[in-house]
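These notes concern the structure reproduced below.
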Amino acid sequence: MIALVRSEWLKMRTTAVPWVLTGIALVINGLLILVIFLSHDGRNGPNGGGAFVSPGYTVPHTAQQLRNLVGSGFQGYILALLLGVLCITTEFRHKTVTTSFLVTPHRPRFVAGKLITSALLGAGLAVIMLAATVIGGGLTLSARGGSFSDMIHQLPAVAPGMILVFALFAILGVGIGSLLTNQVAAIIVTLGWFIILEGILVQLVHSAEKWVPTGAATAASNLTRGRAVDFGLFNWWQGTLLMLAYGLLFAGVGSIILTRRDIT
Amino acid sequence: MPSAIEVHGLSKQFGSVRAVDDLTFEVPEGRVTGFLGPNGSGKTTTLRILLGLVSASGGTATFGGRRYANLDHPVHRVGAVLEATSFHPSRRAEDHLKSVAIGALIPLSRVDETLDLVGLSDVARRRVGKFSLGMRQRLQLATALLGDPEILIFDEPSNGLDPQGIQWLRTFIRHQASLGHAVLVSSHLLSEMEETVDDVVIVSHGRLVLQTTLADLAQRAGTSTGMRIRSPELARLTAALATIPVAYRQVAADTLVIDGATPEWFGPFAAQHRIILYELVHERGSLEDVFLSLTHGFDAANPGLAYGTHTGPAPMSGGLA
């Protein structure tokens, strides 16, 4: 399995997919950091809520604000999800799956290799984004008179959860891709669900929030904080198991379908 | 001679199409077996079933009794050159081979060796998207050879190769057989394979027509000579021919082929009936003719050729000599 994962990593890094996705993630991350630092001078509203910066301050300074800064790359989970989807659907798009199945004739094993590789790459993406935030956000913070060390103190509260969630989303992506091997269809369904449908569902059926993938992932992200239950979500390990269940269920059904499929 | 590949009672149904129908044949070690049949006769499907890419509806296709998926190290045992499209266009040739080598636990030194062997060393770092069809075909071959397999399977390998490439491939295939390896090569053209194969497995409409040696096929070709006759009096000629037990077929408005006939017999026959002749050609049967008559004549419902036959399926031997 280690050989398979190494082979998958080589296949991934010799296409544009991980690099383009990482680039997009970093650009979005940079923009969000910019928004955080531009949101001073009471722009957060009359109540002075100050999710990013308190009224009267020019930089984040409360623990919560600094956590929001450190976790500003969190929305990149959608790119970890796409990483997983593309990891498997690219094989079908370019018909490289023929060669892959000749090397790994046992198809569930092929899917397992993709799951592990994508989980590692998803986690890697989270690490890259955290590093970029610490460097980019930290430098900006220090330059404007904020406390870099206070920011670093919040890293343990944010980083483990974010790395876990990115890995879980990448696994879910492989699951979706193994069910929907048509790349375009898989991307449309994935983005359609996570950007539009899931939000509508939660609005209509509020109790569904803790059960949908984003709710489960949000719970999982509280790995080192344990506040998700306050918002009516599962606790972190329940959320993690639920996310894993989605990913592995899809991948399992996908493997069965793939095993029966003729590669012509 | 032990069999490297055994196909037994193999069938494949695609919806209403029976692509492979109760097909049985064997491929021995140390020989090159040509897997021949017209396009759409089930060759590719059979090879893909062998390689575990397509599931069989019935029967078995095994290597030494084991299905491809059950081989311990399939890439070390069996090398396959299938259609030349399965590369990621932005991946470099070298990286493609490395990904296979790593996944199949093959030392990376084999990557350079196989690139060298197929003559792609100079373009190892080039992206496959910029490769010509012939280069892709060579890269496919390099992929198949990575594990140094003792069984090689080629699906229409000449497609996209230039004449030098085809010549090189023939030499390569012969060399593999001389090492004791089993080689199965599919083609829709027997003429392409004549110099390469020892045995032939001929299929048509998914069914086995004939498994034999090339030598035996050549013998059959030798007996299928005939006369091609162009005449303005074809109606009179056919009337004359109808009185004797001879098979003939009309191949053009003014042309007949009489199977098994010789000039020594036909010359006096035409003179006796006072038939005007424009052209009189003693046709030497070729392997290709035998192949065509076997694959087209096999299914009488399939007109296939531009001419009809007088006596049903084209006869293998003439009534007169």
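Residue numbers start from 1 in every chain, and the chains themselves are labelled A, B, ... in the order their sequence lines are given, proteins ahead of strands.
- B:Asp21 places no side-chain N or O within 3.5 Å of a backbone atom of B:His205 that could act as its donor or acceptor partner.
- Counting only distance, with no hydrogens or angles, the side chain of B:Arg67 and the backbone of B:Leu51 share no donor-acceptor pair below 3.5 Å.
- At a 4.5 Å heavy-atom cutoff, the contact between B:Ser90 and chain A is made by backbone and side-chain atoms alike.
- Per-residue heavy-atom pair counts under 4.5 Å with chain A were compared for B:Ala104, B:Ala69, B:Pro89, and the maximum is reached by B:Pro89.
- Ion pair A:Lys11/A:Glu91 flagged as a salt bridge, since at least one NZ, NE, NH1 or NH2 atom sits closer than 4.0 Å to an Asp/Glu carboxylate oxygen.
- Taking the six-membered ring wherever Trp is involved, the centroid distance between the rings of B:Phe35 and B:Phe25 falls below 6.0 Å.
- Contacts from residues 9-17 of chain B to chain A, taken as heavy-atom pairs separated by less than 4.5 Å, involve B:Lys12, B:Phe14 in sequence order.
- Residue contact with chain B, scored on non-hydrogen atoms closer than 4.5 Å, involves the backbone of A:Arg261 exclusively.
- Of the listed residues (A:Leu4, A:Val97, A:Thr90, A:Thr99), the one with the most heavy-atom contacts under 4.5 Å to chain B is A:Thr99.
- In this structure, B:Trp168 and B:Phe172 have parallel ring planes: the angle between them is below the 30° cut-off, well short of the 60° mark.
- Of the listed residues A:Ala16, A:Gly113, A:Ala3, the one with more heavy-atom pairs under 4.5 angstrom with chain B than any other is A:Ala3.
- In terms of heavy-atom proximity, A:Leu81 sits nearest to A:Phe169 at CD1-O, 3.3 Å.
- When B:Leu71, B:Asp95, B:Ile49 are compared by the number of non-hydrogen pairs under 4.5 Å with chain A, B:Asp95 comes out ahead.
- Looking at A:Glu198, its side chain does come within 3.5 Å of a backbone N or O of A:Thr214 through a donor-acceptor pair.
- Ring planes of A:Phe110 and A:Phe92: perpendicular class, angle over 60° (limits at 30 and 60°).
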Open item on the list: Quick one, B:Arg48 with A:Asp262, criterion salt bridge (charged side-chain N to carboxylate O under 4.0 Å, His left out). Give me CA distance, side-chain angles, the key distance, then yes/no.
Closed with: CA-CA 9 Å; B:Arg48 283 184 171 258; A:Asp262 289 338; over 6 Å; no
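- Ring geometry for B:His88 versus A:His94: interplanar angle of 30 to 60°, hence tilted.
- When heavy atoms are compared at a cutoff of 4.5 Å, A:Thr259 does not approach chain B at all.
- For B:His73, no part lies under 4.5 angstrom from a heavy atom of chain A.
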